[in-house]
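Keep in mind that what you see is a predicted model, and the values were worked out from it rather than measured. In what follows, residues are counted from 1 in the order of the sequence shown.
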Amino acid sequence: MAQTTTAHTTMGTAEPITGIPTTCSPAHPGDAAAKRTGRDETALQDRVRSVLAAHRLDDWHISPGDFWCSVTPPGGTTRVQGWKLHLSATPVSAATVLARAAEVLARHRCAYKFAATPARVAELCSRAADRAGGGKFLTVYPEDDGPRLRALAAELHDATRGLAGPGILSDRPYRPGSLVHYRYGAHRGVTVLADDATRTAMLRAPDGSLRRDRRTAWFAPPDWAPRDPFTSTEPGEDTRTGGTATPRPVLLDGRYLVEEVIRHAFTGGVYRATDRHTGASVVVKQARPHTDATLTGRDIRDARRHEAAMLEEFAAGGLTPRPVALFEQQGDLFLVLENLPGVTLRRWVADRLTTGDDRWGLPHDLAVRLALHMVDLVAYVHGRGYVLRDLNPGNLLVTEDDELRLIDLELLVRHRQRITRAHTPGYAAPEQRTAPPGATGSFASDRYSLGATLFHLVTGAEPLLAPDEPPVRTEHQRLGEWLGHLGRDNPTARRLAPLVLALLRTAPARRPGLVDVRRALTGRGTPATVPAPRPDSAALTDGCLAHLLATMDPGRTDRLWPPSPYGATSDAFNVQHGAAGVLGVLARACRAGCDPAVREATATAAAWITRHVGREPRVLPGLYFGRSGTAWALLDAGEALGDRDLTDAAAALARRVPLAWPNPDVCHGTAGAGLTQLRFWEATGDRDFLDRARAAADALAPAATRRAGRLLWPVPPGCLSDPAEVVHYGFAHGTAGVGAFLLAVGLATGDGDHLAPAAEAARTLLAAADVADGAAYWPTGPPGGPRRTNWCSGSSGIGTFLLRMWGASGDSAFLDGAVRAAVAVHRSRRHAGTAQCHGLAGDGEFLLDLAEACGEQRYRDWAEDLAGALHARRTLRAGRVLAPDETGTSVHADYGTGLAGVLAFLLRLRDGGPRLWLPRTLTGPGTTAGRAPTASLVKEVT
C-alpha cells in the first residue's frame, strides 16, 4: 500500500523517476517577444545608453552578458563587500524602473547591473526562480555604508514609488511596499574555490577569514556585519519575523493553523493546515504579489483566483478538491481547498511498478482502469467546454481506492479561448509549446497530454528526450523507439503502445478522439510490437569519443570543454565537471588503441591542464572535486603517453594535496585524497606516498561516529552545498567510500587498525540494507531518506565497496550484499539517469566489477543491458550518436554528470581494463580472496 500523502501542486519540484526535470515551465509572452527581434533583446540596454548619453557619461562601460548587463563608471566596482541595494520589477515595469533608477545612479556615479532582457526579468519573477534570488532585477553597488548609501536608497525609492515589483525574500525592504531592498553581501568579493569546489565570491570576516556569502530566503546578514544602516536593529534581526528568522506557529485568516510545508516557491508556499472552525485538514496555497508576472500584467494572484473559480465550476462533479476559502492577508492572497488523501499519479506509478529482471510494469487490467479514469476526467472537462492545458502525472491524484482526482486547475481555459504559453516539458503538445501570440486552447492538445501521461503510466518514464541537432528523426519517431525499447519486457506497455503513439502524433487532427481512445482501451487485442532499433554500443562509443575530440578547445583559458550550467561554476580542472575527468577517459582510450587523433587529444588536454592549473591558488583535496583527481588524470595520461615529465608533474601535484580536511568523504575530502596517494605509491613505488595514504587514514579516525550501532562519517555543515550536516551510506560522501579507502590502506600496509573500521563499515552497510525480492537498496543515510541505486549514494556505490570487502576477506555475506545491490541496479535501468555519478554509466561499471570478480557472464550481460538503455535515449548531434547528460535533455562533456563518464563505461565494456579512479589495490588481482598474509588478517577483523 502506498503511503498517503497530499500533493496539490505541479509547479514546483516534481517526483522524477528518470532524473528528468518535470516542473511546469511557463513561457511568458515576454519570452516570445524577446525572441522575435534583436531590438527586444537590447531594449533595456538602450534605455541605459540613452540615460548615459544624456548625462554625457561616455567613459562608462556597458557589459552585456547572457543574463546580466553590468554598467560601471571608470574604475569599476572597487569595494570587496558591504551593504548593497536591490530593486525588483516585473516584465511590465522593468523598463520604467530601469530608466528612473539609471538617472539616479548616473548622478551618483554608482555601478550597477540589471537583468538583460524582458525574458530574464520574467525568469526572476517566475515560480521557478530561486527563493533567495528571485525578484532582484537591478543590483546597486554603493561606495559606502553610510550617507551615500542612504541617499541612494531614498532617491531610488522616490523615483520608483508606485511601480510594480515583487518583494525580495533575502533582503529587507527599505520602506514597506518599496521596490528598494538591501542586504549585506559581496560587491567584488574575494573569488575563490569554496569547500564544495564552486567558484564563489566570499566575504572577508573581521578576523581575516573568508566566509561564504550565503543567500537565504530571509534577511540574514553575517553576525559581524556593520549595523543595519536604515534601522536600529542589530545584524541578524528580521523585522518581518518579529526580530528573528525562527519559525513560529502561523494562523491564517484567524482559523487556518499551518501544520506543514508541502512546497516552498518564490511565488508563495503551499501548506497543509488545520481548519480550527471545523477540524478539517486543508491545503493552503499562497500567492505573493507581482510574482510569476507576465507582460499581460497578470501575476500569480490572478492564477490563484482563476483556480478558485475553476474549483467552484467543477465542485459538483466531485472530481476535484472542494474550494474552502479565498482571502488576503498582509498583501498576499491565499486559496484554501480540501485536503484530498492520496498520492500523485507519478508517485503512485513509482510505488506500483513491478521491477523484475525479465518482466516488469503494471498489471494490464489495473493500467487500463486508471487510463479509463483519465479519459473520463478529460471528457468531463471537455464536456463543460474547458481545456485542461496541463494534464500530467503530477496534476492527477490517486485516492486510497485507486480513483483519480484532478488537481491544480489554474491553467484551465474555455475551448478556443486565447492563451499564453505555459506547459510541463514532455507533456505538452507541439502546438502548445510553440503557441504564437493569439493562440487558443484546444481539445486536441489535451489528447496529446493524455497520451504522454499514459506513456508515463505504463513505463514510469518521462516522455522527454534530448533533441537531435539537426532534427534527423521526428519527436514522434524517437518516442516510438524508446517506447519500443521499454516495452520489450513490459507486456502492458507493448499492448497500449499503438494507442499511446497515436495520441502523441504531431498533427492535432490525427490524434484519436476520446471515444476511440475508450474503445481501444476496452478492446481485447493482442500485444503489439513497436519497433525499437537494436542497441548499437559501438556507434554510441565512437560517437561520444568523436564528440569529445571535436568540442575540445585548447585555445580557451577558462574551460577546455563547454561545461554544464552547474559545471561552469565549478573548478575547471577537477574530475567531476572539469578537464581532468575527460582527460582520464581520453587516456583510457589512448591505451586501448593507436588512433593518432586520440593520442594527440590526450597530450593536448594534459598540456592544457599543466599550463593553466597553477592559476588556482587553493588546492582542495577531493578525488572528484579537488586537485587529487587532477593529479591522478595527469598520471594516467603520462602513463598512456609514455611521458615521464608528465608523470613527474603529476606526482609533484599529488604531493601538494592536503590530507587532513574537515570533510572525510571521497568526492571532496580526505578519503579521496588518500585513494590518490595510494595510486601514486602503486605507480611510483615512492614510500612517501604510502606514508601519506596512511596519514589520511589516521585522520579519518576522529571523524567517525557511531549512531544506533552503525559506523558513519558525517560531512560537517557547510563542507558541501548543504549548510547542514550530511550523513550518507554511499560511496561519494559516506560510509562506503570511506570504508573502501580504509580497506585499500589496510591491504597495502597489512595494518589491522585500518582494516577493522573498514570491516565495521561493511557490516554497517549490510545492516542498513533494505532487501526486497532479492534486491538491496539503501537510504541516503540515517535516519532514512529516499532509496537510491546510483554510485553516489546508493546500491552501485555501496556494492562496489562490499565486493572489494568480499574479495579481501572471503566472507560470503559481503558478496551476497553486492549481488543483491547488482539486482537492484539492473532493475533500475529503465528509469535511472545516464551519468556516472547518478545513473547508468556508474551502475554499469559496478556490474563489470562484479562480472570480473565472480567470472559470471550474466553480470556482463546486465552491463550490456544498461548500455542498451543508454542507446535507447541517444541523441544525434552533427551526425554523431551521443548519450544525453543526467538531465536527459542536453549534452555536456562533464565526467560525473555527462558524456565523458558514459564513454568511460562504454570503453571499459568494449576493451576491458580496471575501473577509473580506484587504486590497483582495489581493482587488481590482490582483491581476490585468499591473498596472504593480508587476507587472513581481513578475515580475522571481520
(request) Please report the C-alpha distance between T191 and R199 in whole Å, then the side-chain angles of each, then the deciding distance to 0.1 Å, and finally whether the side chain to side chain contact (heavy atoms under 4.5 Å, CB included) criterion is met. (result) CA-CA 7 Å; T191 302; R199 193 163 296 284; 3.5 Å; yes
(request) Taking the side chain as every heavy atom from C-beta outward, state whether P142 and H108 have any atom pair closer than 4.5 Å. (result) no
(request) Answer whether the closest heavy-atom distance between the side chains of I62 and R49 falls below 4.5 Å. (result) yes
(request) Please round to the nearest 0.5 Å and tell me the distance separating atom CG of L411 and atom CD1 of I419. (result) 9.0 Å
(message) Quick check against the 3.5 Å criterion: does R172 have a side-chain atom that pairs as donor or acceptor with the backbone of Y182?
(response) no
(message) Quick check with a 6.0 Å cut-off and a 45 degree axis cone: is R150 positioned over the face of F230's six-membered ring?
(response) no
(request) May I ask you to say whether R109 pairs ionically with E143, meaning some side-chain N is under 4.0 Å from a carboxylate O? (result) no
(request) Decide, yes or no, whether a salt bridge links D196 with R212 under the criterion of side-chain N to carboxylate O below 4.0 Å. (result) yes
(request) Let me see the working for E155 and R107 under salt bridge (charged side-chain N to carboxylate O under 4.0 Å, His left out), right down to the final yes or no. (result) CA-CA 11 Å; E155 291 186 41; R107 292 197 302 271; 3.1 Å; yes
(message) Between K84 and D145, does any side-chain N to carboxylate O distance fall below 4.0 Å?
(response) no
(request) Report yes or no: does Q45 contribute a side-chain atom to a donor-acceptor pair with the main-chain N or O of P64 at less than 3.5 Å? (result) no
(message) Return the CG to OG1 distance between L465 and T875, rounded to the nearest 0.5 Å.
(response) 8.5 Å
(message) Closer than 3.5 angstrom, by distance alone: can the side chain of R615 be matched with the main-chain N or O of T557 as a donor-acceptor pair?
(response) yes
(request) Mind listing the closest non-hydrogen atom pair of W68 and F137 along with its distance? (result) CZ3-O, 3.6 Å
(message) Side chains of H55 and E103 only: does a donor on one sit below 3.5 Å from an acceptor on the other?
(response) yes
(message) Less than 4.5 Å apart, side chain to side chain, heavy atoms only: is that true for I300 and L333?
(response) no
(request) Could you walk me through whether D894 and Y566 pass side chain to side chain contact (heavy atoms under 4.5 Å, CB included), step by step? (result) CA-CA 10 Å; D894 306 26; Y566 180 81; over 6 Å; no
(request) Compute the ring centroids of W608 and F573, then answer whether they are less than 6.0 Å apart. (result) yes
(message) What I want to check is whether the side chains of T72 and S70 have a donor and an acceptor closer together than 3.5 Å.
(response) no
(request) Verify the distance criterion only: is there a donor paired with an acceptor across the side chains of T424 and D390 at less than 3.5 Å? (result) yes
(message) Nearest 0.5 angstrom please: H181 NE2 to D171 CG, how far?
(response) 6.5 Å
(request) Take D292 and R127 through the test salt bridge (charged side-chain N to carboxylate O under 4.0 Å, His left out) and record every step on the way to the result. (result) CA-CA 6 Å; D292 217 29; R127 67 189 71 204; 2.6 Å; yes
(request) Output the distance between atom CZ (R298) and atom NE2 (H290), rounded to the nearest 0.5 Å. (result) 14.5 Å
(request) Check for a donor-acceptor pair, side chain of D213 on one end and backbone N or O of A186 on the other, with a separation under 3.5 Å. (result) yes
(message) For R175 and D158: C-alpha separation, side-chain torsions, deciding distance, then whether salt bridge (charged side-chain N to carboxylate O under 4.0 Å, His left out) applies.
(response) CA-CA 11 Å; R175 295 281 186 273; D158 290 339; over 6 Å; no
(message) The test is salt bridge (charged side-chain N to carboxylate O under 4.0 Å, His left out); show your working for R183 and D228 and say whether it passes.
(response) CA-CA 9 Å; R183 69 179 292 269; D228 187 316; over 6 Å; no
(message) Working to the nearest 0.5 angstrom, can you tell me the gap between W60 CH2 and L105 CG?
(response) 7.0 Å
(request) Would you tell me whether S50 and R47 have side-chain atoms, one donor and one acceptor, within less than 3.5 Å of each other? (result) no
(request) Please confirm whether the backbone N or O of A89 pairs with a side-chain atom of S93, one donor and one acceptor, at under 3.5 Å? (result) no
(request) For S890 and D885, test the side chains for any donor-to-acceptor distance below 3.5 angstrom and give the result as yes or no. (result) yes
(message) On a heavy-atom basis, which atom in L163 and which in V97 lie closest, and how many Å separate them?
(response) CD1-CG2, 3.6 Å
(request) Spell out, as yes or no, whether a donor-acceptor pair under 3.5 Å connects the side chain of D299 to the backbone of R301. (result) yes
(message) Can you tell me how far apart CZ (R131) and CZ (F266) are? Round to the nearest 0.5 Å.
(response) 10.0 Å
(message) Minimum heavy-atom separation for P222 and L203, please, with both atom names.
(response) CG-CD1, 3.9 Å
(request) Evaluate the side chain to side chain contact (heavy atoms under 4.5 Å, CB included) criterion for residues L548 and L899: first the C-alpha distance (whole Å), next the side-chain angles of each, then the deciding distance (0.1 Å), finally the verdict. (result) CA-CA 8 Å; L548 292 179; L899 198 68; 4.1 Å; yes
(request) Please answer whether the main-chain N or O of S170 pairs with a side-chain N or O of R215 as donor and acceptor at a distance below 3.5 Å. (result) no
(request) Answer whether the closest heavy-atom distance between the side chains of T139 and L85 falls below 4.5 Å. (result) no
(request) Flag the pair M202 / Q81 as yes when at least one side-chain heavy-atom distance between them is below 4.5 Å, and no otherwise. (result) no
(request) Could you walk me through whether L156 and V140 pass side chain to side chain contact (heavy atoms under 4.5 Å, CB included), step by step? (result) CA-CA 10 Å; L156 289 168; V140 180; 4.1 Å; yes
(request) Would you check if P565 and H892 make a side-chain contact, meaning some heavy-atom pair closer than 4.5 Å? (result) yes
(message) We want to know whether S63 and K113 form a side-chain donor-acceptor pair, criterion being a heavy-atom distance below 3.5 angstrom.
(response) no
(message) Quick one, H157 and V104 - any side-chain contact, counting heavy atoms below 4.5 Å?
(response) no
(message) Using side-chain heavy atoms (C-beta onward) and a distance below 4.5 Å, is V48 in contact with Y112?
(response) yes
(request) Locate the shortest heavy-atom distance separating A194 from T200; write the atom from each residue and the value. (result) CB-OG1, 3.8 Å
(message) So which atom in R611 and which in P554 form the shortest heavy-atom distance, rounded to 0.1 Å?
(response) NH2-O, 4.0 Å
(request) Could you tell me whether a side-chain N or O of T569 sits under 3.5 Å from a main-chain N or O of G567, the two making a donor and an acceptor? (result) no
(message) Between T117 (side chain only) and R120 (backbone N and O only), is there a donor and an acceptor less than 3.5 Å apart?
(response) yes
(message) If only side-chain N and O atoms count, and only distance matters, is there a donor-acceptor pair under 3.5 Å linking E886 with H838?
(response) yes
(request) Can you see which heavy atom on A893 is nearest to which on V582, and at what distance? (result) O-CG2, 3.8 Å
(request) For the pair E410 and R389, find out whether any cationic side-chain nitrogen is under 4.0 Å from an anionic carboxylate oxygen. (result) no
(request) Ignoring hydrogens and angles, tell me if any N or O in the side chain of R618 forms a donor-acceptor pair with the backbone of L193 under 3.5 Å. (result) yes
(request) Return the orientation label for the W83 and Y184 ring planes: parallel under 30°, perpendicular over 60°, tilted otherwise. (result) perpendicular
